[in-house]
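Before any comments, here is the structure.
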2 protein chains.
Amino acid sequence: MLSKKTKYGLKALTFLASQKGRAPVQISEIAKHENISQKFLESILLTLRKTGLLGSKKGKGGGYYLIKEPKDIPMTTVMRVLEGPIAMVPCVSLNFYEKCEDCPDEASCSVHKLMLQVRDSTLEVFRNNTLADLVP
Amino acid sequence: MLSKKTKYGLKALTFLASQKGRAPVQISEIAKHENISQKFLESILLTLRKTGLLGSKKGKGGGYYLIKEPKDIPMTTVMRVLEGPIAMVPCVSLNFYEKCEDCPDEASCSVHKLMLQVRDSTLEVFRNNTLADLVP
DNA sequence: TTATTACCCTATCGATTTAATAGAGTAAGC
DNA sequence: GCTTACTCTATTAAATCGATAGGGTAATAA
C-alpha cells in the first residue's frame, strides 16, 4: 500500500511542476490546493529538499520550487525518496538489498522468483515516467 | 512491502505443489521445512482452506493438500487472498475499489494515473504465473 | 469405543509504523 | 526591526504485524 507520505509528496511535486514559472510556492498554498495537512506536508517537503529535488526560499515571498525540469525527474528517484524500496521484498531490491534470514537459497526460492518479476515490471513503469508525465 | 503472511503462504503452497502425490502434508512438516512459526502457519493455511485453495484432513495421517492442479492456480488469486489488493491505492483497485476522500477528480489525479500503470504491469505478472511456475 | 492425532479457533501482546499535531527556533526580506 | 515562512524536535493516537498461548473439536486407527 502506498503511504500517505508518498501520495502527498507526489501531489505536491505535480502541483509544483504544473506552475509555469519557477517562483517559490508557499507550503500553505500547496496544502490547501491538494487537501493535505499543512504540518505533515512540511515534513515531506523538507525531505524532498534534503534529497535535492526541491529548493526553498525563506522569508516573505518564499516557498518551495523545483530545482530541475519535470522531464528530468524520473519516478524511480521520487519513489525511492518517498516510499523507499520499490521491491516488495528486500532480497530482490536493487538499492536496499538485504538477505532473508529464513530462506537458505535465493536461487531456489519461489517468492524470490516471483517478486523479481514484479520488481522488474514496476521498475519499468517508474523508469518510463517522469514528473512531467504526471501533470494533467 | 510483502507481509510475512503472504511470504509464508506462498512458500507453503509451493511446497505442497512440489509434492508428487496429493497425500495430506502435516502443518509441522511444512513449518519445519520452510522455517516458519508453526502457529502462525496454522492461521495462514486456515485462510487458504476457507478460500478453497486447500483441503484438509483431520486425524491420524491428516494434513493439508492442494485441491486443484498447481498450473490451474493463478497468482492473482493467491495474492488477493493472502495480501489483499494488488493495487497500491484503493482508487485503482479492481477487486477492492474505494474512492479517495481527498482527490476531487480521479481522472486528473497524478497519483491515480501513475498507480494505474503500476497495477496493470503487476497484474500482468501475476496473471502470467501459476503456482506451477513457482516450483523450482 | 477409546485414545490419539492434528486441525480449528480465540485472545492477547509487544514492537513497529503511520499520520498527524504542537510548539518553538531561525533566516530572509520589506 | 518586524513580519513572514521555512526548519526542526518531540509527542501522540491509532493501526498493523508477527508471534504466541491455550484450549476445543473432529476424524481416524486400533
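Order of the sequence lines fixes the chain letters, A, B, ..., with proteins taken first and strands second; residue numbering starts at 1 for each chain.
B/S18 places a side-chain N or O within donor-acceptor distance of the main-chain N or O of B/F15, the cut-off being under 3.5 Å. In this structure, the side chain of B/D72 does not engage the main chain of B/K68 through any donor-acceptor pair within 3.5 Å.
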Distances for protein N/O vs nucleotides 26-30 of chain D N/O pairs under 3.5 angstrom?
residue : atom : partner : partner atom : Å
D/dA26  : O4'  : B/K58   : NZ           : 3.2

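Residues forming a side chain to side chain contact (heavy atoms under 4.5 Å, CB included) with A/T14 (at least two apart in sequence, or on another chain): A/L131, A/L134, A/V135, A/P136, B/S110. Among residues two or more places apart in sequence or in another chain, the side chain to side chain donor-acceptor pair (under 3.5 Å) test is passed with A/E106 by A/Y97.
OP1 or OP2 of C/dT21 has at least one side-chain nitrogen or oxygen of A/S37 nearer than 4.0 Å.
Judged by closest nucleotide on DNA chain C, B/S56 is the one of B/S56 and A/K5 placed further toward the 5' end. If B/G63 and A/L2 are placed on DNA chain C by their nearest nucleotide, the residue sitting closer to the 5' end is B/G63.
Near-neighbour residues of DNA chain C inside residues 39-51 of chain B, defined by a heavy atom below 4.0 Å, number-ordered: B/K39, B/E42, B/L46, B/R49, B/K50. A heavy atom lying under 4.0 Å from DNA chain C marks none of the residues of residues 76-99 of chain A.
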Take B/K71 and B/D133, measure what side-chain contact (heavy atoms from CB on, under 4.5 Å) needs, and give me the verdict at the end. CA-CA 7 Å; B/K71 69 173 170 51; B/D133 297 312; over 6 Å; no
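B/E34 has no carboxylate O lying under 4.0 Å from a charged side-chain N of B/K4, or vice versa, which leaves the two without a salt bridge.
If you take NZ of B/K4 and C1' of D/dT20, they are 15 Å apart, rounded to a whole angstrom. B/Q38 has its CD atom 17 Å from the P atom of C/dC9, to the nearest Å. With rounding to whole Å, B/E29 atom CD is found 13 Å from C/dA6 atom C1'.
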Which atom pairs, donor and acceptor, lie under 3.5 Å between side-chain atoms of residues 35-62 of chain A and protein residues at least two apart or in another chain?
residue : atom : partner : partner atom : Å
A/S37   : OG   : A/F40   : N            : 3.3
A/S43   : OG   : A/F40   : O            : 2.7
A/T47   : OG1  : A/S43   : O            : 3.0
A/T51   : OG1  : A/T47   : O            : 2.5

